[in-house]
Amino acid sequence: MSEKKFELTCLETGKKSTAEVRSGTLGPSVLSIASLPKEHGLFAFDPGFMATASCESKITFIDGEAGVLLYRGIPIEQLAEKSSFLEVAYLLVNGELPTAEQLAEFTHAIQYHTMINESLLRFFNGFQYNAHPMAMLSGVVASLAAFYHDSMDINNPRHREIFAHRIIAKIPTIAAAAYKHALGQPFIYPRNDLDYCANLLHMFFAVPCEPYEVDPVSAQALDLLFILHADHEQNASTSTVRLAGSTGANPYAAISAGISALWGPAHGGANEAVLAMLEQIGTVENVPKFIARAKDRNDPFRLMGFGHRVYKNYDPRATIIRAMCHKVLAKLGKSDNPLFELALRLEEIALKDEYFVERRLYPNVDFYSGIIYSAIGIPQSMFTVMFAIARTVGWVAHWQEMISDPTMKIGRPRQLYTGPTQRDYVEIDKR
Ligand code: SDX
């Protein structure tokens, strides 16, 4: 859309070229720089992609200045209030909210794909009991590619749909198997009479020797957290899934790559790091000391759950989760949660501090989510796994969007080379 033009002129040689500006439906326009190498013999240089749009997408829109997040145009606040995770999954993957019939069909398809091949369960026996669940999750998800040869033609829309159903359905089962392995408890099979989040909690916490009743408050809280974590445009893990998928790799391998990227503490691993940080701070009296450390350039300590590449305002998801904390903790009879009180005071102190104000560092989605995960019984080691379960929907949506784009090309960035110029090999006795 909109063909404004930019003129690029080399000031040394006077050589000129024009570059097309493309506008989307919302947000900043983009400058197409494809002609730079040919016209000027130059690459654009943008480490960390701070100013680069890597693709065109219709899935999620973020306005970092205004703190806006839209899934297929619908504000996250409305979806959080009115929708369910599987309905949001349908919206993100298919582009529109489902009719009642479409939602029933989608829910049935997911429910009837929740079991995993029995031989996959034996994979877990190869892991130490203390293996990090994210390592088990990425390994076992990649192994799904070894099971589904019948539906691996990525150019076949029906195969892409079956992949979407399988991975969205199975990721909670695999996550629960990883958790049970870590506990040394028997694996609990999924149940088709439970909804998505209740099924997950049942697989996590049920044991064969007694009945287990899923707490509806916990299931509802998890459903809302999954809605909030489902997608976030071209974040690091989604960009990883797109890059891996752009080679034509098996989609399960692309999702596994996304899981590994999400694991980092600068990204999805932050929710686990926030709880560890709050426990390390311990009391409100220690907050100033840790704030000082977070501001000290020579100290690698950062305030986990604070700051964001895009949001230079409050992360709208953090706003919703913080409000949720009050409600969920009260409903679970845990209102006096000391870590939540500490988190609230830490936020209050940080947001009055010039360092954070100047750099526009606000709480992000990870700052409060762990408080709720803890309250519903999820252990810290599984926090990022929870993030991965929800974000699988976004990864699938972006993978589908990319693979079904006939103009898709393999992702292959270039570089600024600053290594040695050409030189000859030196025999070892002459070095
Ligand atoms: C997620 O991209 C997404 O959309 C991600 C995500 C999603 O849904 O997919 O939203 C999920 O990953 C949320 C972010 C979770 N990570 C954390 O909470 C870890 C702590 N945050 C930081 O590591 C950092 O804020 C990032 C990684 C989130 C963003 O880093 P940027 O955009 O590269 O910013 P930066 O590192 O250049 O920081 C700018 C300045 C620096 O100070 P100066 O060099 O200008 O003096 O702010 C400082 C940073 O040192 N800074 C912090 C800080 N975050 C940034 N200082 C202290 N504590 C922090 N948390």
Side-chain angles (χ1 to χ4, degrees), residues 27 46-54 57 59-65 67-71 76 88 92 134 225-242 258-278 280-281 287 289-321 343 346-347 349-351 353-370 383-384 386-395 397-398:
D46 184 23
F49 309 119
M50 307 282 279
T52 294
S54 60
S57 180
I59 299 169
T60 292
F61 175 73
I62 305 173
D63 179 335
E65 293 301 322
V68 167
L69 169 56
L70 309 176
Y71 287 170
I76 191 69
V88 165
L92 287 167
M134 284 297 279
L225 285 171
F226 282 178
I227 290 173
L228 298 172
H229 286 80
D231 192 49
H232 215 238
E233 64 137 84
Q234 306 310 322
N235 59 84
S237 54
T238 300
S239 299
T240 301
V241 171
R242 278 181 173 262
I259 293 171
S260 300
L262 185 73
W263 191 1
H267 189 13
N271 56 17
E272 184 180 347
V274 166
L275 256 286
M277 174 187 74
L278 291 174
Q280 188 188 7
I281 294 173
V287 166
K289 182 174 69 173
F290 282 86
I291 295 256
R293 285 190 57 194
K295 291 156 62 173
D296 177 357
R297 277 179 175 280
N298 302 317
D299 187 332
F301 175 82
R302 283 196 160 183
L303 218 46
M304 300 315 280
F306 256 74
H308 199 278
R309 173 62 59 77
V310 177
Y311 290 124
K312 299 310 171 190
N313 196 323
Y314 219 100
D315 181 334
R317 301 167 296 176
T319 308
I320 296 167
I321 296 176
L346 177 59
E347 176 196 337
I349 296 168
L351 293 189
D353 186 294
E354 193 42 42
Y355 174 92
F356 293 89
V357 172
E358 200 179 277
R359 289 166 179 77
R360 305 171 77 189
L361 302 174
Y362 291 87
N364 59 49
V365 69
D366 294 305
F367 189 63
Y368 288 106
S369 55
F383 286 2
T384 311
M386 292 294 115
F387 198 148
I389 292 170
R391 189 51 59 86
T392 293
V393 163
W395 293 333
H398 283 273

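First listed ligand is number 1; within each ligand, the first listed atom is number 1.
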Is the shortest distance from a heavy atom of [X] to ligand 1 less than 4.0 Å?
{"X": "Asn364", "value": "yes"}
{"X": "Arg297", "value": "yes"}
{"X": "Phe301", "value": "no"}
{"X": "Arg317", "value": "yes"}
{"X": "Ala236", "value": "no"}

For [atom], what is the nearest protein heavy atom, given as residue, atom name and distance?
{"atom": "atom 5 (C) of ligand 1", "value": "His308 NE2, 3.6 Å"}
{"atom": "atom 2 (O) of ligand 1", "value": "Asn235 CB, 3.5 Å"}
{"atom": "atom 55 (C) of ligand 1", "value": "Leu361 CD2, 3.6 Å"}
{"atom": "atom 42 (O) of ligand 1", "value": "Arg359 NE, 3.3 Å"}

Using a 4.0 Å cut-off to any heavy atom of [X], which atoms of ligand 1 qualify?
{"X": "Arg309", "answer": "29 (C), 31 (P), 32 (O), 33 (O)"}
{"X": "Ala270", "answer": "15 (C), 16 (N), 17 (C), 18 (O)"}
{"X": "Pro265", "answer": "16 (N), 19 (C)"}
{"X": "Arg391", "answer": "7 (C), 8 (O), 9 (O)"}

Between Asp63, Val310, Val365, Ile76, which is the residue that forms a side chain to side chain contact (heavy atoms under 4.5 Å, CB included) with Leu69?
->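 With Leu69 as partner, side chain to side chain contact (heavy atoms under 4.5 Å, CB included) holds for just one option, Ile76.
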Report the residue from Tyr368, Phe387, Phe367 that forms a side chain to side chain contact (heavy atoms under 4.5 Å, CB included) with Asn271.
->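 Of the listed options, the one satisfying the test is Phe387.
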Report yes if some N/O of [X] lies less than 3.5 Å from some N/O of ligand 1; otherwise report no.
{"X": "Ala266", "result": "yes"}
{"X": "Gly305", "result": "yes"}
{"X": "Phe306", "result": "yes"}
{"X": "Lys312", "result": "no"}
{"X": "Leu303", "result": "yes"}
{"X": "Asp315", "result": "no"}

Using only heavy-atom distances, determine whether the side chains of His267 and Asp366 contain a donor-acceptor pair under 3.5 Å.
->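 There is no such pair (donor and acceptor under 3.5 Å, judged by atom type) between the side chains of His267 and Asp366.
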Verify whether one side chain among Arg391 and His229 offers a donor that lies under 3.5 Å from an acceptor in the other.
->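 Per modelled atom types, Arg391 and His229 side chains form no pair under 3.5 Å.
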Do Phe61 and His232 make the cut of ring centroids closer than 6.0 angstrom?
->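 Aromatic pair excluded; centres sit 6.0 Å or further apart.
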Under 4.0 Å, heavy atoms only, figure out whether ligand 1 is touched by the backbone of Tyr311, its side chain, both or neither.
->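 It is neither part, as no heavy atom is under 4.0 Å.
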Other residues, nucleotides, ligands: >12 heavy atoms within 6.0 Å of Phe301 CZ = yes
May I ask whether [atom] is less than 4.0 Å from at least one protein heavy atom?
{"atom": "atom 39 (C) of ligand 1", "result": "no"}
{"atom": "atom 48 (C) of ligand 1", "result": "yes"}
{"atom": "atom 30 (O) of ligand 1", "result": "no"}

List in chain and number order the residues that pass side chain to side chain donor-acceptor pair (under 3.5 Å) with Glu65, two or more places apart in sequence or in another chain; answer none if no residue qualifies.
->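 Arg360.
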Within 45° cone of Tyr355 ring axis and under 6.0 Å: Arg359 NZ or CZ | yes
